[in-house]
Structures are given as structure tokens and as C-alpha cells.
**Q** 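Mind having a look at this structure? Questions to follow.
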Number of protein chains: 2
Amino acid sequence: MRKRVGPRRPTQVEIAQRAGVSQATVSLVLNERTGAPVAEETRRRVQQAIEDLGYAVNPAARALRGMTVKTIGLYTFESVFPVDQRDFYHPFLLGVEAEAARLGYDLLLFTSANTAQRGVYAMGRNALLKADGCVLLGRHISRDDLANLAKEGFPFVFIGRRDIAGAELSYVAPDYVAPTAALVEELVALGHQRILLLRQTDGAEPGDDRELGLRQGGQAAGLTADDLVVEFSSGAEDIDADRVTGWVQAGITAVVVEPSEDNATGVALAEVAEAAGLRIPDHLSVAFLGSAPPPTATRIWTSFEIPRVEMGRAAVQLLVNLLEGADQPPLQLVVPCIDVRGNSISRVVRR
Amino acid sequence: MRKRVGPRRPTQVEIAQRAGVSQATVSLVLNERTGAPVAEETRRRVQQAIEDLGYAVNPAARALRGMTVKTIGLYTFESVFPVDQRDFYHPFLLGVEAEAARLGYDLLLFTSANTAQRGVYAMGRNALLKADGCVLLGRHISRDDLANLAKEGFPFVFIGRRDIAGAELSYVAPDYVAPTAALVEELVALGHQRILLLRQTDGAEPGDDRELGLRQGGQAAGLTADDLVVEFSSGAEDIDADRVTGWVQAGITAVVVEPSEDNATGVALAEVAEAAGLRIPDHLSVAFLGSAPPPTATRIWTSFEIPRVEMGRAAVQLLVNLLEGADQPPLQLVVPCIDVRGNSISRVVRR
DNA sequence: ATCCTCGATTCATACGTATCAATTCGCGTA
DNA sequence: TACGCGAATTGATACGTATGAATCGAGGAT
């Protein structure tokens, strides 16, 4: 934290001297809406002095007075910042950026905090305070951090759903329940009687939502709890031929997969099944409860897409509401996903 | 500029009270390097109080004291902010972001200023001051803005070269001269005797550099000034068959093109030439003095690439030098480009 | 002439921090 | 005992702004 160098910038005091008024009057001219009237002639002289000296208000001083500074922070819990276009999070960033610009806010990327890898309450805390409020993003998020932030009353919006006991927080999240239920009902209508949900081990609330959708859909379609199987995967390495063929032998005819960022689990499942002679969808229907691997010439995965850009925009809108609305309560927004009709599920084939 | 709401955060005064010391001591503990010694026992008590109350230093107050805030601004002069991956500027942003993170700086994107479309000295000025210094980027930049910023002593680094009379400013720029000269020499070695440089109308210094390279290369290869022709284009629309065939009839056998962001001029040239029955490179050699259109199955444009990510990194390094070095003079850095050996130039064919 | 009103302006203060100058205290030396 | 010295701590101040309270005139109205 070195000292700043270079020539000092003009202040309101200097403007005041040049215009022959007091500093307070300069401030009044700058923030015209305060109700106190300023004579037209004085206003002109002050404006002129501002022009002459090239004055610009000092954001630090303003912030110290407790004013907002029109800056929205963006914090991600992943180690690599998602400016990279290949990153799963990039569309969110696009939405956040676009909406911030539209609403006249600058965007502060907390890149420094992420190098420390220690969460908001290590390096990041000072950083967060540089912004009026913050959009938080990322799967591997610390619940404690979120709870603390909420308790402190720091304005933020989380992208994704997190329920914290004893604290209500603002988020914008996709609706995983409804499309999952719809997909399960569709599978039952296609003749599937035993359906497997493959969850991510770290799925948290998003995983819970898929499981809830599975049960709702299964119940609506007349399946019993025994017909709905839930297993976990922590990545590609725990999907092998034995496991997949085991499912089939146990009567599973359809697998619905909770995607991870890189979709390693889903890709592995497809490869292992294919290698074991199980064709998709003839022998095994597979669908992704979220973003699927990219389509190829022959394969379009049945799935649904998260409206990521729109969610980014919505998060900023919620945050600005929090910032500009007088003591606004926490806001939640659930947005619908978009069905992707693929060719990876089909009518069940009895052997 | 609304007033902030919500619960107040703890201050150094409250820490001091809880630890039974003065505010000054708390500040000393926080910034240990000031030479004043603090007893180990006191330090411990203060640290404990900080822990207990969840204290974090107020960046605004610190900034007001004239401290830096570890934030680098990024300002682009184009209207659309280059977070979009399709944008020409995206690689620069990647480099800036990565290096800022590495050096422990946060990155402030001036999105709000760009919506106003009026340059640094309209909306943008207040915004710039939120950061310790700024990286500036963009082709359609206002010289006046740059000159004023330099005069005011605001720390910034421009990506791209701009010479401003009476002011020395910091920039990182690609070396267009050397590779252009080399390319011209190569063309002469291939038998070309009359070479055309097609400049962008708004090319400014980058265009000047290409022209300088053309003359240097031509001279080194023994061509006279008459053998080197310079014309201007403002986009695809002023490239038509008449113009291109006119060149050929005037003895031009090779065209070197200053690229624009979208390379519209170069693309148009290729299409028009092809349509007029001029095959590239057999009838006309074409090279890009910078980034070329993307390669296809049959065509790799002879060109050279600007190391954009590296330039972004370098710009941040220069800026941090300015910020952390005591009254550092302006710094300039010229980086080499990377040759792309294509198939769009060839030995001249005498008819 | 006195009082009140009201528009225009100024005074004074607080925001939270870093740092210089001043103070206190313990201790060894003259 | 007096004195000096260095380590540890504190008092006081300034950074630039916004704003509530106070001041000041100039007109009316009474």
C-alpha cells in the first residue's frame, strides 16, 4: 500500500476559491438534487471554474461519506477467473457485464482474492468492500462465507441456489425441479420403469433439486420409490464397465445425469456404455439435467440449458435493487431452463 | 449517488476500545512496516479484537489518505466492451486480467463510461479515478484525451503506439516496422518490383509504422520510391474490381494490407480479386501486416500475429512499475510480432 | 419600525484512516 | 539523584466530500 505520487488533483476548495464561493456551494452545484437552491449566476461561475481546472469529484472521499460509488463487484470461487471463453462461467460474466453497463455501473473483477485461494474472508474481504455490492459465482463455494456475508448485511447476489439456515440470502437460480420432473415423466411414458439419477458428490442444492424433480416426476407418473435409484459420482474415474452393466442388470433402462462443469462424468458414461456394447439410446436412455456435452453429427444429448447470460443480467438487476431500494429484503429469483430435444432417449426395448 | 444503507462495519476505533489501546496503535499493527515497534503482547490483543469483530480496513478511507488501493482500471475506446470472446480485443483482456491477478491487483472494467460514448473526459473521468492507474485500449482513441491524461499525471499505459507532441506517454506497442520491412524484402526476392501498401484511413501511428517498414524494406531491397505505392481504404465498400484491376495494370504484383479489426478490407480484396479472375497468389501476392482472416482448408494468409495476450500482460507490468516505482518516468515497450508463413504470396509470374 | 418568510449561502462537522510529533515509562549511566 | 535514551504508545491532524444547522439579506406584511 504505497503512497500515491504525482501532482494533486484540484479539489472543491480550489474550485470554490476560483469561483469566489464556499466549498459547500460547489458541492451543492455538483449534487443539484439536494433541495437547496443555487442562484443561476453562481451555478454558472462554479461550472466555469470546474471546466477551467478540470475538476473531477474524488470517489474515495465520496465513498467515505457513505455514498455509493456505482461499482459492482464480481467474485468467483473458482481459482481461475472466468474471463476465458472456454470456461463454463463465461456466459454469466457476459450477462453481468452487459447489465452493469446498461445500468451505469462499473464492474470490479476480484482477481487478486482468487490467487490467495482462501475465500472471501481471507484476502477477499478488503476487496469486496471496494464495491457497493457483489455478484458471487461458483460451485465450490463456502457456505460459511455466504452466511457471514449475509449476517454482516453486505449486499450481494449469488448465482445459483444456496439455502443457509438462519439467513435469507439473495440469489438467482435455475429451476432444475420442473424440467427434471418433466423429463422423468417423459421417460416413464416411453416405457421406462427404473430410472437412475447420477448425482455429483459435491452437487449440494442443485443436486437436491434434481433429486426432488426425480421424485416428483416419478410419483406423478406412478412409479414407486424403489423404481427411482440415486447414485453418486465424483468424476470420470468412478464410472467403469462393471458399474454400468450392473445398472442394466438391475433393470435400469434410463440414466439422468447431473452435469459437472466439464461434464466428465457424462462423457465417461457414454464411452463406457458404448465400449460395453450398450448403445444409446437403444439399450440405455441417457439425459443430462442441465448443460450437456456439445452436439456432434450423430448425437444431440437430451438435456436442458441454463439461461446463463440471462441469469447474469438478472443477478445484476437484483443487486441494483438491493442497492438502490431503501432497506430491500433479500430477493430470490428462479428462472426456467430451456428444453433441448435430443436423440439420446428413446422408447424402452424389452429384451 | 444514493446513501449506503445497512449495518455499519467495525472501525479501528472499536478495535482499539476492545483491545484497550488507541486507534493509532491499531493502525500500526495493521501496517507493520512503518518502523514504529509494537510490543508483542499488544499486537496479539489487537489481532484478537480484529478477529473477534471481523474487522476489515475501509478502502475508501485508505484511498482518501492517498494510499493506493490495488486496483487497475481497464478502459476501452470502442463502444462494445471486449468481454465478448469474438471481439478482437479479447486476448488483450485475458493478458491484462492474468497479470493483474498475478501481481495482486483487482481489475476495474469501465463499462459505464462506454455507454456514454463520449470519451474519458465526459462520463469516464470520475470512473478512472476509482483505480490507481489505468490500461487504455482501442483504435478509435481520442488524442486529446490521452494528452490531457498525460498532462494531469494520471498513471496509465496505452496498448498500441500513440505519439503526442509535447507529452511523453507510456505504451506497449507491437513492432510493425521490422516485420513489414522483412516481408517487403521477401517479396522483392520473389521478383516483385512494384508493391502496394493498402492503409486504413484511420490507421494513425500503426499505419505510419507499416509505411515506414515498406520504405525501409523497399530501400534495403533496392527498389525506388516510385516502386512503392500507398493507397487508403476505409472498408470493404471502396474495394471494387476496377480498382484492383487498375493496380495490376499499373504493374502491381503484390499488395500488403494493414488490417482492421474485422479485416473487412482484406476479405473484400480477396473476393474482388478472385471474382475478377485474379488468383492469389499466382496473379497477385497478398499479405497482411498484422492479424489475417482465419485460415481455411486451402488458404493460410501470409501475415504476422500480434502477441496480444503478452501485450496485455506487459501493459499491466508497465503500469505497476509506474505505480510502485517512485516518480518513474513514462515507459515504452515495443514487442516483436510472430511471423505466419502462409501461402498467399509467391514468386511473381511474368506474363 | 418590527417581525416573519424565504431564497441563497456559509459554517461546521463527520466519515475512517495513516502518520508525524509528542508523551510516557523503564532502565542504565554519569 | 539527575540525566539521557530508546522502546512503546498516544494525541492530533489532514485527506476531500456531503449535509444539517446556522447565517445573511431582501422584501413583504403587519
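Numbered from 1 within each chain, the chains take letters A, B, ... in sequence-line order.
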**Q** Look at the aromatic rings of A:His90 and B:His90 and report parallel, tilted or perpendicular, splitting at 30° and 60°.
**A**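 The rings of A:His90 and B:His90 stand perpendicular, inter-plane angle above 60°.
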**Q** Go through the structure and list residues passing salt bridge (Lys or Arg N to Asp or Glu O under 4.0 Å) with A:Glu14, not counting sequence neighbours.
**A**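 Listed in chain order: A:Arg8.
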**Q** Summarise protein proximity over nucleotides 22-28 of chain D in one line of letters, 5' to 3': B for base, S for sugar-phosphate only, - for none, counting protein heavy atoms closer than 4.0 Å.
**A** -------
**Q** Heavy atoms under 4.0 Å, any strand shown: does B:Ala24 hit a base, just sugar-phosphate, or nothing?
**A**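 Base contact.
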**Q** Report the distance from atom CD of A:Glu40 to atom P of C:dT9, rounded to the nearest whole Å.
**A**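 One finds 10 Å between P of C:dT9 and CD of A:Glu40, rounded.
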**Q** In chain order, what residues pass the side chain to side chain contact (heavy atoms under 4.5 Å, CB included) check against A:Ala98, with sequence neighbours excluded?
**A**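 Side chain to side chain contact (heavy atoms under 4.5 Å, CB included) check on A:Ala98 returns A:Arg313.
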**Q** Check the pair B:Lys130 / A:Asp106 against salt bridge (charged side-chain N to carboxylate O under 4.0 Å, His left out), numbers first and verdict last.
**A** CA-CA 10 Å; B:Lys130 293 192 218 169; A:Asp106 291 319; 2.9 Å; yes
**Q** Would you kindly give the CD-to-C1' distance between A:Glu41 and C:dT9, to the nearest whole Å?
**A**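 In whole Å, C:dT9 C1' lies 14 Å from A:Glu41 CD.
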**Q** Which atoms form the tightest heavy-atom contact between B:Val157 and B:Ala315, and what is the distance?
**A**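 In this case the closest contact between B:Val157 and B:Ala315 is CG2-O, 3.8 Å.
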**Q** Just to verify, what does A:Val309 make a side chain to side chain contact (heavy atoms under 4.5 Å, CB included) with, not counting sequence neighbours?
**A**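 Checked A:Val309 against side chain to side chain contact (heavy atoms under 4.5 Å, CB included); matches are A:Pro91.
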**Q** Just to verify, what does B:Arg18 make a salt bridge (Lys or Arg N to Asp or Glu O under 4.0 Å) with, not counting sequence neighbours?
**A**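 B:Arg18 satisfies salt bridge (Lys or Arg N to Asp or Glu O under 4.0 Å) with B:Asp52 only.
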**Q** Mind checking side chain to side chain contact (heavy atoms under 4.5 Å, CB included) for A:Val334 and listing every partner two or more places apart, or none if nothing turns up?
**A**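 Result, side chain to side chain contact (heavy atoms under 4.5 Å, CB included) vs A:Val334: A:Asp175.
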**Q** In chain order, what residues pass the salt bridge (Lys or Arg N to Asp or Glu O under 4.0 Å) check against A:Arg43, with sequence neighbours excluded?
**A**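 Only A:Glu32, A:Glu40 meet the salt bridge (Lys or Arg N to Asp or Glu O under 4.0 Å) criterion with A:Arg43.
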**Q** Check the phosphate of C:dT9 against A:Thr25, side-chain N and O only, distance under 4.0 Å to OP1 or OP2. Yes or no?
**A**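 No, A:Thr25 has no side-chain N/O under 4.0 Å of OP1/OP2 on C:dT9.
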**Q** Does some side-chain heavy atom of A:Leu108 sit less than 4.5 Å from a side-chain heavy atom of B:Leu107?
**A**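 They are not in side-chain contact.
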**Q** My understanding is that only residues two or more places apart in sequence, or in another chain, count here; which of them pass salt bridge (Lys or Arg N to Asp or Glu O under 4.0 Å) with A:Asp163?
**A**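 Listed in chain order: A:Arg161.
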**Q** Just to verify, what does B:Arg44 make a side chain to side chain contact (heavy atoms under 4.5 Å, CB included) with, not counting sequence neighbours?
**A**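 By the side chain to side chain contact (heavy atoms under 4.5 Å, CB included) rule, B:Arg44 matches B:Glu41.
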**Q** Which residue, A:Val26 or B:Arg43, contacts DNA chain D at a nucleotide closer to its 5' end, judged by nearest heavy atom?
**A**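 Its nucleotide being nearer the 5' end, the pick is B:Arg43.
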**Q** Can you name the closest pair of heavy atoms from B:Ala131 and B:Ile72 and give their distance?
**A**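 Taking every non-hydrogen atom into account, CB-C, 4.0 Å.
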**Q** Would you jot down, in residue-number order, the residues of residues 14-22 of chain A having a non-hydrogen atom under 4.0 Å from DNA chain D?
**A**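 Hits under 4.0 Å, by residue number: none.
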**Q** For D:dT9, does either OP1 or OP2 sit under 4.0 Å from a side-chain N or O belonging to B:Thr42?
**A**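 Indeed, a polar side-chain atom of B:Thr42 lies that close.
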**Q** Dot-bracket for DNA chain C, 5' to 3', counting Watson-Crick or G-U wobble pairs under 3.5 Å, with [ ] for crossing pairs and | for inter-strand pairs?
**A** ||||||||||||||||||||||||||||||
**Q** Below 3.5 Å is the cut-off: list the nitrogen or oxygen pairs between protein and nucleotides 14-17 of chain D, distance only.
**A**
| unit_1 | atom_1 | unit_2 | atom_2 | d |
| --- | --- | --- | --- | --- |
| D:dG16 | OP1 | A:Arg8 | NE | 3.4 |
| D:dT17 | OP1 | A:Tyr55 | OH | 2.2 |
| D:dT17 | OP1 | A:Asn58 | N | 3.4 |
| D:dT17 | OP2 | A:Gln12 | N | 2.7 |

